[in-house]
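A note on names: the letters A, B, ... follow the listed sequences, proteins ahead of strands, and every chain is numbered from 1.
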Amino acid sequence: MAAIEKKFTLEVPSSTENLAMIRDFVKRVGRQTGMEEQEIFNLELAVDEACANVIEHVYGNDTSKEVIIRAICDDKEVRISVIDMGRGFDPTGVTPATIDSLVSGRKSGGLGIRLIRALMDEVSYEISPGQKNELHMVKRLNSKRR
Amino acid sequence: MAAIEKKFTLEVPSSTENLAMIRDFVKRVGRQTGMEEQEIFNLELAVDEACANVIEHVYGNDTSKEVIIRAICDDKEVRISVIDMGRGFDPTGVTPATIDSLVSGRKSGGLGIRLIRALMDEVSYEISPGQKNELHMVKRLNSKRR
Amino acid sequence: MSNPFSVQVSCDEGLSLIRLEGFVDAHTAPEFEAAVQNEVVSGRHRLIVDCEKLSYISSAGLGVFMSFIEEVRGSGGDIKICGLLPRVKHTFEILGFHEIFDILDNETIARQRFGTA
Amino acid sequence: MSNPFSVQVSCDEGLSLIRLEGFVDAHTAPEFEAAVQNEVVSGRHRLIVDCEKLSYISSAGLGVFMSFIEEVRGSGGDIKICGLLPRVKHTFEILGFHEIFDILDNETIARQRFGTA
Ligand SMILES: Nc1ncnc2c1ncn2[C@@H]1O[C@H](COP(=O)(O)OP(=O)(O)O)[C@@H](O)[C@H]1O
Ligand SMILES: Nc1ncnc2c1ncn2[C@@H]1O[C@H](COP(=O)(O)OP(=O)(O)O)[C@@H](O)[C@H]1O
């Protein structure tokens, strides 16, 4: 028998001011799955990073644009998608710089995608440039991967 | 010049378990408007009541159905709509029973719509039975009405 | 995050003290109702509901007070409400609960009202 | 609700103590960055960032540490990080920050590391 899926959606203006609200949303969803607090915290962080990228790199803080976060959970996993209507970018194609090279280059960026990949079990991107781009992230429940 | 509008949307499965999440969402929206804490608290209560009615009276806690909460704020007011796809019911047509009659009838219901009306500045209902029903609530900013 | 919900019941000197904590909404109100119901069916009609740690209540919770007040008063008892935070008290007042219920600052005063301070 | 954010800076004995409170995300990181920047341009290169009250940090905040560490070390200083809550420490560790930064339990130990306990 198929497990019951629960679906949650949040849409907010593209502004870093709304990241706290996005994390709250993710926390609430995570609590419904019975995930451990550290896992929920990590999920918040991964989604924050994905949304911050959309807000900063896709929409340039244009608050007339919207960031959409969709979460679907069942008894096995939480799937979260961050959706934008921007030009389309595939972060899975980026090879994250080493921390050492970032440090010696005095760069402050380049850590977000690395965090997302480290924190989630699956990361994929579905691109329709100008129409809809979705970053899909999956976290399996009771998975021991940090 | 038109004030900048901010639009927020939350969609959750129809379950009372999600009311806490809905209140969190409303709190976050309220904080962005600079409303006083008591006003935000009251806004949470009004939206909670409207959503509880949809969850209980429209969808009967059927979690495959969704409750949609849309909030739009500018510098003058917060407009919140609670949207369902149910059969359509116009709470503005209900004359709330007096508290005395509820007490003597040993009833526990009938307070929600009364609260919504007391707490919000405007309440209206837009019905397309079976398609989309929207309960619209408006709270003006800096209005002195409790 | 809001606190979760809990309800604790204790009895002494012929009074039942029901302590609410966290939020009472349509999701948690049934638990509150069951606690009140249990007192009433057990013949305990002198109830104090301590709301010091109650952060929020919606009509689902307010309805619990309403649906039992006639019955307990009919049996010579009462439901006294104490310790309300200002923002929560406001909710009770909007609905005119202060005209129907004895709403008191704290448990001590509520006990005095029952004549067992 | 998460705490809001604040950053406090104080100097004594040739050390700058930067206390972070609440969350550092892409919204609040610029304020943290400005605080560090202000120390560095004023020639103060011995920094302790006290994270005892830091509830959350995302890459935007972590990037601040990264972008200044070479410069302060090049001037004979350092950025020492102390007081991390376990869940926040985990974020630093995922990125390998413990291999680059001196991460210490508390302010006292951080001061000792600078030789001014
Ligand atoms: N959604 C996106 N759209 C466009 N570009 C992106 C997106 N996400 C990331 N990028 C690009 O990839 C780079 C690395 O991203 P990230 O690792 O998150 O670090 P940061 O955002 O701090 O630079 C960014 O600087 C940006 O150029
Ligand atoms: N959205 C709705 N759809 C259908 N019926 C509703 C709706 N909202 C309210 N009602 C009806 O109006 C009555 C009064 O609602 P309310 O004042 O909120 O009290 P309660 O929900 O506690 O009974 C409800 O009992 C229900 O029959």
A side-chain contact here means heavy atoms from C-beta on lying under 4.5 Å apart; do C:Y56 and B:D48 qualify?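 C:Y56 vs B:D48: side chains touch.
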Do C:H90 and B:F41 touch side chain to side chain, with heavy atoms closer than 4.5 Å?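 Sidechains of B:F41 and C:H90: no contact.
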Contacting moiety of [X], where chain B heavy atoms sit under 4.5 Å:
{"X": "C:E71", "value": "both"}
{"X": "C:F65", "value": "neither"}
{"X": "C:L62", "value": "both"}

With a 4.5 angstrom heavy-atom cut-off, which part of B:E56 approaches chain C: side chain, backbone, both or neither?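 Contact with chain C is through the side chain of B:E56 alone.
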Toward chain C, the part of B:E17 with a non-hydrogen atom under 4.5 Å: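 Its backbone and side chain both get close to chain C.
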Which heavy atom of [X] sits nearest a heavy atom of [Y], and at what distance?
{"X": "C:S58", "Y": "B:E49", "result": "CB-OE2, 3.2 Å"}
{"X": "C:G63", "Y": "B:L111", "result": "N-CD1, 3.9 Å"}
{"X": "C:D25", "Y": "B:A20", "result": "OD2-N, 4.2 Å"}

Taking every non-hydrogen pair under 4.5 Å, which of B:L45, B:N61, B:I55 racks up the most with chain C?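 The candidate making the most pairs under 4.5 Å is B:L45.
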CD1 of C:I94 to CG of B:L119: how many Å apart, nearest 0.5 Å?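 These two atoms lie 4.0 Å from each other.
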In terms of heavy-atom pairs under 4.5 Å, which option from C:I100, C:V64, C:I57 contacts chain B the most?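 Most heavy-atom pairs within the cutoff with chain B belong to C:I100.
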